[in-house]
2 protein chains.
Amino acid sequence: MSVLSTKERILNSTEKIISEKGFTGISLRTISAIAKTNLAAVNYHFGNKENLIEMVLERRLDNLFELRVKLLDELEAGSENPCNLKQVLQAFITPALTMSNDNHQGGKQFMEVLARAYAEKSDFLHDLLSKRYADVIKRFANAIQRSRPNLNKRVVFWRFHFIMGSLIYVMADFGASSRSNELSDSEYFNICCNELVDFAYNSLSE
Amino acid sequence: MSVLSTKERILNSTEKIISEKGFTGISLRTISAIAKTNLAAVNYHFGNKENLIEMVLERRLDNLFELRVKLLDELEAGSENPCNLKQVLQAFITPALTMSNDNHQGGKQFMEVLARAYAEKSDFLHDLLSKRYADVIKRFANAIQRSRPNLNKRVVFWRFHFIMGSLIYVMADFGASSRSNELSDSEYFNICCNELVDFAYNSLSE
DNA sequence: TTACAATTCAAACGATTGTTTGAGCCATAA
DNA sequence: TTATGGCTCAAACAATCGTTTGAATTGTAA
């Protein structure tokens with residue numbers, strides 16, 4: 001097991017605290033305590049609190065969108081043209097849910113952070129999505145469009161956004177209230193993933 | 001125009017501030033200032049900050065679910081049996097979006113508060129949904145089930161939750177980034193409402 | 001080893017937070 | 001008028017916040 005740098009430990013503990021207590025419950029003193037470092041280390045490494053939170057978002061979102069792009073690339077390089085819609089949706093949804101199921105690497109915590117950032121209308125997150133990742137989102141929207149040529153372009157656009165809404169809802173475990181206790185985490189997320197893909201696929205039927 | 005009581009003014013200004021700056025940005029001093037009253041009035045009328053926020057949620061949610069129930073009652077009293085699925089979905093979705101479009105009465109602000117409360121995993125909200133409103137949600141789920149007897153009960157359950165996810169996403173204006181500037185608020189929400197109902201209806205096709 | 005930069009640390013800063021206090025205001029009822 | 005109770009107010013409380021400072025420590029290259 002590798003030893004984590006102070007910077008990494010701070011990012012991890014921030015992620016953990018936000019996912020547990022939300023943005024309201026954050027304090028740099030708690031963060032530094034859990035990261036087993038000094039209070040001033042946070043400002044030393046990240047400048048200020050706002051920047052720290054932004055770095056938490058950036059670190060993971062880059063991974064998430066990288067993975068999505070990779071899967072879409074593979075699909076578009078394949079023989080099917082247009083791509084199989086269900087696979088396109090899987091390429092978008094699965095990485096997010098895989099991440100949120102990856103407790104070991106803190107992915108689950110991050111997904112909750114992400115959902116909270118959405119709710120808080122983080123300007124930084126907004127910029128990230130509308131600039132850095134806009135192309136990826138557009139690529140997915142186009143791939144969906146091509147496989148459903150008879151659907152109005154505007155309608156596809158709306159539904160893709162609704163699907164993203166459901167995804168965020170699930171990721172953040174919003175519906176946890178309704179979750180059965182008999183399922184393990186990985187079982188739950190497998191079912192969830194399948195159900196969500198089917199749901200999305202169905203919603204895009206012509 | 002009626003004169004609002006101090007209590008009402010405090011509730012309204014709290015709603016406004018949360019919707020603008022999120023739960024993070026709340027301060028009782030700002031709240032009392034906007035409510036044009038004294039700082040101590042908040043504690044006098046609501047005991048403490050947490051209780052104040054809970055009262056904001058409760059006041060509006062009661063209205064929302066009352067309206068949903070009323071619409072469902074009307075449908076189930078009608079001639080169609082089972083109820084028309086699209087109308088059931090409308091009875092669930094429309095009140096929420098009407099509220100979020102009702103700027104004058106602060107409904108829009110509340111919907112953003114609600115979405116933030118979801119993200120913050122408010123225990124109070126959780127209890128409200130799983131206790132006080134659980135019956136209503138179950139009634140809607142059953143109504144959907146009856147109109148789609150061939151769909152697995154578990155599948156209906158999942159999809160209803162996904163639909164709620166999309167609804168919250170839309171209510172909180174999460175997708176505002178992608179919103180065209182040429183539409184007025186009411187035009188936007190009309191389209192949004194129709195698209196969401198169609199989306200939900202489609203996702204529940206057999 | 002020495003010198004220098006990077007990092008960590010305890011301590012303090014001023015600002016802001018939720019809450020409490022007790023005096024004052026203002027209506028209504030005796 | 002006087003007395004009472006609901007309400008508002010300015011002021012102060014202790015606690016916590018993010019940030020800064022300067023000294024101590026660590027790691028690295030000469």
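Computed from heavy atoms alone, side chains included, the values below leave out hydrogens, waters and symmetry copies. Model, not experiment: these values are computed from the prediction. Within every chain, numbering begins at 1; the chains are lettered A, B, ... in the order of the sequence lines, protein sequences first and strands thereafter.
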- How does each nucleotide of nucleotides 5-13 of chain D score, in 5' to 3' order, for protein heavy atoms under 4.0 Å: base (B), sugar-phosphate only (S), or none (-)? -SBBBB-B-
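Taking the ring centroids of B/Phe199 and A/Phe199, they lie under the 6.0 Å cut-off.
Listed in residue order, the members of residues 47-56 of chain A having a heavy atom less than 4.0 Å from DNA chain C come to none.
One interatomic measurement links the two molecules: CG of A/Asn43 to C1' of C/dA11, which rounds to 14 Å at whole-angstrom precision. What separates CD1 of B/Ile26 from P of C/dT19 is a distance of 12 Å, to the nearest Å. In this structure, CD1 of B/Ile10 is placed 13 Å from P of C/dG18, rounded to the nearest angstrom. For the pair A/Lys21 NZ and D/dC17 C1', the interatomic distance rounds to 15 Å; values are reported in whole Å.
A cation-pi arrangement is absent between B/Arg154 and B/Phe157 under the rule of less than 6.0 angstrom and at most 45 degrees off the ring axis.
Classification of the B/Phe160-B/Phe140 ring pair by plane angle, with boundaries at 30° and 60°, yields parallel.
The number of heavy-atom neighbours closer than 6.0 Å to CD of A/Glu74, taken from other residues, nucleotides and ligands shown, is above 12.
In this structure, B/Ile31 reaches neither bases nor backbone, as no heavy-atom distance under 4.0 Å exists between it and the strands shown.
We find that A/Asp127 and A/Arg132 are not joined by a salt bridge, their nearest charged nitrogen and carboxylate oxygen being 4.0 Å or further apart.
When all heavy atoms of B/Glu15 and B/Arg59 are compared, the pair lying nearest together is OE2-NH2, 3.5 Å.
Here A/Phe124 contributes atom CZ and A/Asn51 contributes atom CG; the two are 7.5 Å apart, rounded to the nearest 0.5 Å.
When only modelled atom types and interatomic distance are considered, A/Thr37 and A/Ser32 share no side-chain donor-acceptor pair under 3.5 Å.
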